[in-house]
2 protein chains.
Amino acid sequence: MPKQVDHDERRRLIADAVCALIDEQGLEAATLRDVAARADVSMGAVQRCFRTKGEMLQFALAHIGHQVTARAHARLRAAPAQSPASTVGHLAHEIALLKTRHRAQARTWLAFLAAAAVDPALAAGLRTSYTDLETLLTDLIADAVDTPDPAHHAHTLLALTDGLTAHVLIGQRTPAEAEHLLHAHLSRLWAHPGE
Amino acid sequence: MPKQVDHDERRRLIADAVCALIDEQGLEAATLRDVAARADVSMGAVQRCFRTKGEMLQFALAHIGHQVTARAHARLRAAPAQSPASTVGHLAHEIALLKTRHRAQARTWLAFLAAAAVDPALAAGLRTSYTDLETLLTDLIADAVDTPDPAHHAHTLLALTDGLTAHVLIGQRTPAEAEHLLHAHLSRLWAHPGE
DNA sequence: CCTGTTCCGATGCGACCGCATCGGAACGGC
DNA sequence: GCCGTTCCGATGCGGTCGCATCGGAACAGG
């Protein structure tokens, strides 16, 4: 058995480079050459890992989707003792990617979201992550309040976080304002859970 | 005075072509050549109207932004007799661009939104439209319910519509589902306007 | 050491990009 | 009819793109 490399690990390395470039200059800046340079590998290596550029982007989308959902799951595991309501709050805050620390992920996510509007393959990848997050939120909301349709509130909450994140990214809201709006929405949810 | 053309009218014609291409294939499909072909003018004519491609995109953004806000204003003028609450509902529905008829505008809007995350000039253009819509909604909400901070609810509502629109575009929600979620949010707002 | 296999860096290709240039068509003023 | 101005279609340029190709480096088994 000759030279062997960890293809999956390399794929993740390249996906990180893709996301970094998208964060800084948008999706169209993720060219094969620039991605290779950013990941500090040769273009040939990138082409070995992914047959086409589209395949690379799809993998990068799944990669960042997994990062976000994994962080959400981790957040849950790390705080099992809190009340269900505050858990939902923390989780929504995490998903909204409002923290400056996660601004890069938010920008990348938004870029993929727009691309998915005209690319069914990317849309399918995004839906996988969204469905995961919705399941998570639905279960939590069902625990937190007595409502006949927890999924309804989960869907609304997810749309709100996405909208707020976008508005923060273009400077229409400050992170603090978005945080406040999100908190207020949740407060109203706990106070009046009725369908 | 030699040959004269209506530059503003031509600019709008080209902007429509830009938006049509973005709707169908995304922002990067709006190349000078394809835009010219779509608008049925020569590439030279496009370059005469806009010094650079970036200038063309900015104009197209302002163009579609004006279309959306103008439709919102028109909606208001057309229905002055209704209750303030239902007026807000209709307006939010209009802004959310949920109708299949406005799907093209929604996709174009989302494409610009993502681009604005890495392009300050586009972000400024978007903020102009958003601020206009927020003013509109804030005034309406102040009329509809007694709340100490109508702008707060306007901002939340706008973020929700944007998120719902995006989720519809990627197929995560059906238009009917989004419509229902939006309606439910407004119902809760009228029932419990307290800050 | 040699061989067979895996991997990759370099290079080339055809296509397309934004932009600049320019010759001539179109048309009002004289 | 000629002129001056405005406009635009065609063309070319330098650059970058995604992708295909290939020679050789790296390395395990014989």
Side-chain angles (χ1 to χ4, degrees), chain A residues 1-61 111-112 114-115 118-122 125, chain B residues 1-22 24-61 111-112 114-115 118-122:
Chain A
M1 194 72 75
K3 192 172 179 182
Q4 281 289 8
V5 297
D6 186 341
H7 270 162
D8 282 339
E9 175 54 31
R10 189 184 289 273
R11 265 191 269 265
R12 280 189 289 271
L13 176 74
I14 293 172
D16 282 333
V18 171
C19 293
L21 281 172
I22 292 177
D23 161 47
E24 294 163 10
Q25 304 164 235
L27 208 154
E28 71 244 19
T31 70
L32 293 185
R33 284 166 179 82
D34 291 350
V35 166
R38 183 61 171 248
D40 206 38
V41 300
S42 76
M43 222 178 101
V46 175
Q47 292 188 271
R48 171 152 295 271
C49 285
F50 304 104
R51 264 190 304 113
T52 67
K53 181 188 177 183
E55 209 172 82
M56 180 181 77
L57 290 179
Q58 281 187 44
F59 183 90
L61 170 56
F112 276 122
V118 291
D119 184 333
L122 291 179
Chain B
M1 194 71 76
K3 190 174 178 180
Q4 280 289 7
V5 297
D6 187 342
H7 270 161
D8 282 338
E9 175 54 31
R10 188 185 289 274
R11 264 190 271 265
R12 282 189 288 270
L13 176 74
I14 292 173
D16 282 332
V18 170
C19 293
L21 281 172
I22 292 177
E24 293 162 9
Q25 305 165 234
L27 208 153
E28 70 248 18
T31 70
L32 293 186
R33 284 165 180 81
D34 291 350
V35 166
R38 183 62 171 247
D40 205 37
V41 299
S42 75
M43 220 177 105
V46 175
Q47 291 188 270
R48 173 153 298 269
C49 286
F50 305 104
R51 265 189 305 113
T52 67
K53 181 187 177 182
E55 209 172 81
M56 179 182 77
L57 289 180
Q58 281 187 44
F59 183 90
L61 171 55
F112 276 122
V118 292
D119 183 333
L122 290 179

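Chain identifiers are assigned alphabetically (A, B, ...) following the order of the sequence lines, protein sequences preceding nucleic acid strands; residue numbering begins at 1 within each chain.
- The distance from atom CZ of R10(A) to atom P of dC7(C) is 10 Å, rounded to the nearest whole Å.
- Between the CD atom of E9(A) and the CD1 atom of I14(A) there is a distance of 10.5 Å, given to the nearest 0.5 Å.
- The side-chain hydrogen bond (donor to acceptor under 3.5 Å, both in side chains) check on D119(B) picks up nothing, with sequence neighbours excluded.
- Stem list for DNA chain D (at least 3 consecutive Watson-Crick or G-U pairs, distances under 3.5 Å): C:1-30 with D:1-30.
- Where G44(A) and R33(A) each meet DNA chain C at their nearest nucleotide, the meeting point lying more 5' is that of G44(A).
- Less than 4.0 Å separates DNA chain C from at least one heavy atom of each of the following residues of residues 47-58 of chain B: Q47(B), T52(B), K53(B).
- Separating the CE atom of M43(A) from the C1' atom of dA20(D) is a distance of 10 Å, rounded to the nearest angstrom.
- One atom, CD of Q25(A), and another, P of dC17(D), lie 11 Å apart when rounded to the nearest Å.
- The nucleotide whose nearest atom lies closest to any side-chain atom of H7(A) is, among dC17(D), dC7(C), dC17(C), dC7(C).
- Scored by the side-chain hydrogen bond (donor to acceptor under 3.5 Å, both in side chains) test, E24(B) finds R38(B) as partners (sequence neighbours excluded).
- Applying the ring pair (Phe, Tyr, Trp, His ring centres under 6.0 Å) definition to pairs two or more places apart or across chains, none involves residues 26-49 of chain B.
- Atoms CG (L32(B)) and P (dC8(D)) sit 15 Å apart, rounded to a whole Å.
- Between E28(B) atom CD and dT16(D) atom P the separation is 18 Å, expressed in whole Å.
- Between the CD atom in E28(A) and the CD1 atom in I22(A) there is a gap of 10.0 Å [rounded to 0.5 Å].
- A search for side-chain hydrogen bond (donor to acceptor under 3.5 Å, both in side chains) contacts involving E55(A) returns R51(A), not counting sequence neighbours.
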